[in-house]
Each structure stands twice: as C-alpha cells, then as structure tokens.
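Every chain is numbered from 1, with letters handed out A, B, ... down the list of sequences. Atom set for the values below is all heavy atoms of this structure, side chains included, hydrogens, waters and symmetry mates excluded. All figures in this text were calculated on a predicted structure; none of them were measured in a lab.
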There are 2 protein chains.
Amino acid sequence: MPSSRRAPLSRDRILRAAIKLADRHGLDALSMRKLATTLKVEAMSLYNHVANKDELLDGMVDIVIGEITRPTCGGDWKAALRARAASALSVMMAHPWAPMLVVSRIVVGPNMLAYIDATLATLREAGFSWHDTDRAWNTMDNYIYGFALQQQNFPVDPEEYASAAAAYLPMLPASVYPYMHEMSKHVAEGTLDGTHDFAFGLELILDGLERLRHART
Amino acid sequence: MPSSRRAPLSRDRILRAAIKLADRHGLDALSMRKLATTLKVEAMSLYNHVANKDELLDGMVDIVIGEITRPTCGGDWKAALRARAASALSVMMAHPWAPMLVVSRIVVGPNMLAYIDATLATLREAGFSWHDTDRAWNTMDNYIYGFALQQQNFPVDPEEYASAAAAYLPMLPASVYPYMHEMSKHVAEGTLDGTHDFAFGLELILDGLERLRHART
DNA sequence: GCGACAGACTTACAGCGTACATTGCAACGT
DNA sequence: ACGTTGCAATGTACGCTGTAAGTCTGTCGC
C-alpha cells in the first residue's frame, strides 16, 4: 500500500512544482523538461495530467490567485478593498512571474472566479450600481497588476536608488531631458526617494470611488 | 549608383519590418527567421544590425512610444494629460503586442525618455512637487498600460458581449458565484454593457490629482 | 491467473535564438 | 589597374523548446 516506487504524479503536484520552479528560477526557466526532472519524471508524463503548457500556466495562476485573502463584505468597504489590494500585491511580489501571466491571459479557474465574486460583492454591498461596480473593479485591478509589473521589472534595489540615479545622470543631459535630469539629481542627492508608492494611487482611486458613491445617493 | 541588388539592410528597416510583422501576425510569429524572410535575407544577417532579439524588441517599443503625441505644458494640465492618455491608448491598440513589451522590460530609448520628460514637465509646470509628480506619473501609466493589456486580452468583441455573457452563464451558478452570475445576467439581458470604460478610471485619477494639487497650495 | 487500462516512457520533429566560421563585394591607397 | 582591407550577408551547427505518436509496464477488478 505504501509501495509504488513509481512517482505518484498528479495535476496538483505538477502545478505546485511548477510554481516553486518559477518562483526560484523565473518563468523562462520553466520548461516542460526542467519541470519534469524536478519531479523525477520524463517530460511527456506531464501531459497525462495537463493538456499543454498553457493549461499548466493557467493552473499556476489560479492557485496563486487562491492565495489572495478575499474581501468580506458587510463592514467598511474601503478598508476591505484596501486589504484586498494589499494582499493581492503581496502575493504578486511573492510570485514575481504571476502578474505577467495574469494580465496576458484570461484565467477562469475556481479561485479566480471566487476572487472576483467576492470583490463584486464588496462593491455591491457598499451600494455601488452594477455599472459602477464593474468599472471600479477594473480600475482597481488595472492599477494593482500594473503596479506589480512595474515593481517587478524595476532593475535596482531600493537601497541603491540614489547611487543608481547618480550613475544614470550622465545619460540624461539637462539640455535634452531637463526634467528627467533634475528628477534624477534629486534622487541621487537623496532629496527625493525613488520609491514606488502603492498606497498613493490606490487611495486616489478609493477616494474617487467614495465621492462617486456619495454623489449617487 | 542605384545598383546594389544586395538588400540594403539597416537597423531602422529591420525594426519597422518587425513592427509590421508583429502588428499583422502577433508577437509569437515574430521570430528572427520569419523576420529575415520578410526582408529577403537570412536570419543571421539581422545580427549585423541588432545585438540580439531583446534589443530588437526594445527598439520596436521605442519606435512605437515615439508615435504617442507628447503633452505640451503651459496650458491646462488636466487636458494635456487626458490627451496624452488617449494618444497612448490608441497607439497601444494599434500595436496590440506593445503594452506587454512595455511593462515587461525597461526601455530607455530616446523616444521613451522624451515621452517621460514631457510628462514630468506637464506635471511640474502644473505645480506638483517632485514627489507628487513621480507618483502621479506612475499611477497614470500603470492605469494606461493595465487597461490596454486588459482590453487586448479580452476574448470577445463588444457587439458580442450579450451573447457571450449568456453563453457563459451556465458556468457561473448563482449558488457558487452569486454576484458574477447576476452581473452576467445583466450583461446578457442588455441591462449592463460590458464595455470597458477607459475614461472612468482616468478621470478618477485626474480628479484625485487635482484635489491633491489644491490641498497643497 | 488474466485482461484491461491508466500512466510513465521513448522517440521524433519542427521550430527557436544565436555562436562561429566563411564568403562576396565595394571602396581605398598606391 | 591592383592588391588590401573591412563590413555585411551567409552557411552551418548546437542546444533548447513544446508536443504528436507509439510503446511499455505496473496495478487492479474479475
């Protein structure tokens, strides 16, 4: 009954191994063969459990979306959406390959659907019309994924912003790019931290939604 | 002097051919070999003008960014940014492969730098601090690219929203996804058009920026 | 025991990016 | 007029990719 020296492959085991591999070595390193070897199996064996690589990627995304703590409606809608955004961002940062996949395909796994449903619920129970709910949800998610993507691809660590800005300054002559030049100078001098501020845009959106809500009641 | 039956290859000719190919057949169809054949040349010849495929993609993005009409400061900053966003979106829609590339790499071509510089200029001349300028610019661009990506990947044409929603309804049982179910029903019945509204989120952000500007003066 | 069947394996193919070595052509100094 | 030089196009090759198709094998129900 324990037996089976044969690998007990399964769709779930494959997806989780794929996530681990992508987390560790990036999405480019995720090939069917490499994934198979981490599972001590041949590449083609995977196809007994996932139809093709696209389905594999979809499955990975849905699992990751499942890690986001879903908003619960009934309380303060703004706080709920803020928490949702924070959780989504932290999950996206934990799986750097995820936002790219989320935006480049339409995933309709159970976790994704439940996640969206909970979001719609929060907005509806807060009193938004269906029309506004639809637009509010899209606006927020555009911002969240956009921010995560930008953050992921930014090439320098936060503690190196100043030195990096100083290094790039010569490539931004004041005569050609006056504003970029001055901004980089401020970052280099520490007058401006180049930190990307997730809350800024989020609060802009949330405040806008709140005013919209008041205007319509 | 006309002579030269040999193809007069050049970096610019390559980039424009690559853009045309990607526009027509998608980014997946853009391989060095296919690109070469459209130029009646062998694949390896391309490498005399671009270092590698990544540099090719970077070059394509910078050309496309150059197609965006840049904001001019001095007038109404809100109108200028609105026009900038509209132009950026229309360019992204004309080159469906572009937003994905823009968000997945850091492009520092001359057009990109000029584009950013003009944006910073508009915000600065409107009276925003460097701190706010930085955040405002990022928030807007996150939204623009996020929206373009979402629009690109949406699988159904606007005129088919209602029928598509009706078709998907059975996959969204009211018992499991009550809100998605009801929303889809509204779309199917024509009570709600599933149209994605670019202006909605954009005005949310612009209004937020305006209030911020007033609060700080 | 034995037949059936799921699931792992093997082989093979077309396509990819690109390293490296070679070739052909045009312009130059003499 | 004639080597020489050097750039740009080419040809070949390698290792990698996703996956179609066919084969083999261990386990289970009868």
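- Listed candidates were D:dT10, C:dG17, D:dT19. Nearest to the side chain of B:Met32 is C:dG17.
- B:Asp157 CG: more than 12 foreign heavy atoms inside a 6.0 Å radius.
- Taking 4.0 angstrom as the limit, B:Ser45 places none of its side-chain polar atoms (N or O) nearer than this to OP1 or OP2 of D:dA8.
- When only modelled atom types and interatomic distance are considered, A:Tyr145 and A:Gln150 share no side-chain donor-acceptor pair under 3.5 Å.
- Of the candidates C:dC9, D:dG18, C:dC20, the closest approach to any side-chain atom of A:Met44 belongs to C:dC9.
- A:Leu21 places its CG atom 11 Å from the P atom of D:dT17, with the value rounded to the nearest Å.
- Atom-to-atom, CG of B:Asp28 to C1' of D:dG18 comes out at 13 Å; the value is rounded to the nearest Å.
- What separates CG of B:Leu30 from P of C:dC16 is a distance of 10 Å, to the nearest Å.
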Q.
As a quick check of understanding, evaluate side chain to side chain donor-acceptor pair (under 3.5 Å) for B:Thr119 and B:Arg84, giving each step before the final call.
A. CA-CA 8 Å; B:Thr119 308; B:Arg84 182 192 96 114; 2.8 Å; yes
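- Contact check, A:Lys34 against D:dC16: no side-chain N or O comes under 4.0 Å of OP1 or OP2.
- For B:Glu42, the listed nucleotide lying nearest its side chain is D:dG11; candidates were C:dC9, D:dG18, D:dG11.
- Atoms CG (B:Asn52) and P (C:dA19) sit 8 Å apart, rounded to a whole Å.
- Between the P atom of D:dT17 and the CG atom of A:Leu56 lies a distance of 14 Å, rounded to the nearest Å.
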Q | Pair A:Thr195-A:Asp193, side chain to side chain donor-acceptor pair (under 3.5 Å): steps then yes or no | A | CA-CA 5 Å; A:Thr195 291; A:Asp193 71 334; 3.1 Å; yes
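- For C:dA6, the OP1/OP2 oxygens have no side-chain nitrogen or oxygen of A:His49 closer than 4.0 Å.
- Nearer to the 5' terminus of DNA chain D, by closest-nucleotide assignment, is the contact made by B:Asn48 (compared with the other of B:Asn48 and A:Asp54).
- Summarising the geometry, the separation between CG on A:Leu46 and P on C:dA8 is reported as 9 Å, rounded to the nearest angstrom.
- The CG atom of B:Leu39 sits 14 Å away from the C1' atom of D:dA8 (whole-angstrom rounding).
- Scanning atom types as modelled, no donor and acceptor separated by under 3.5 angstrom connect the side chain of B:Arg33 and the base of C:dG15.
- A donor-acceptor contact under 3.5 angstrom links the side chains of B:Trp97 and B:Asp23, judged on distance only.
- Rounded to whole Å, atom P of D:dT19 lies 12 Å from atom CG of A:Leu35.
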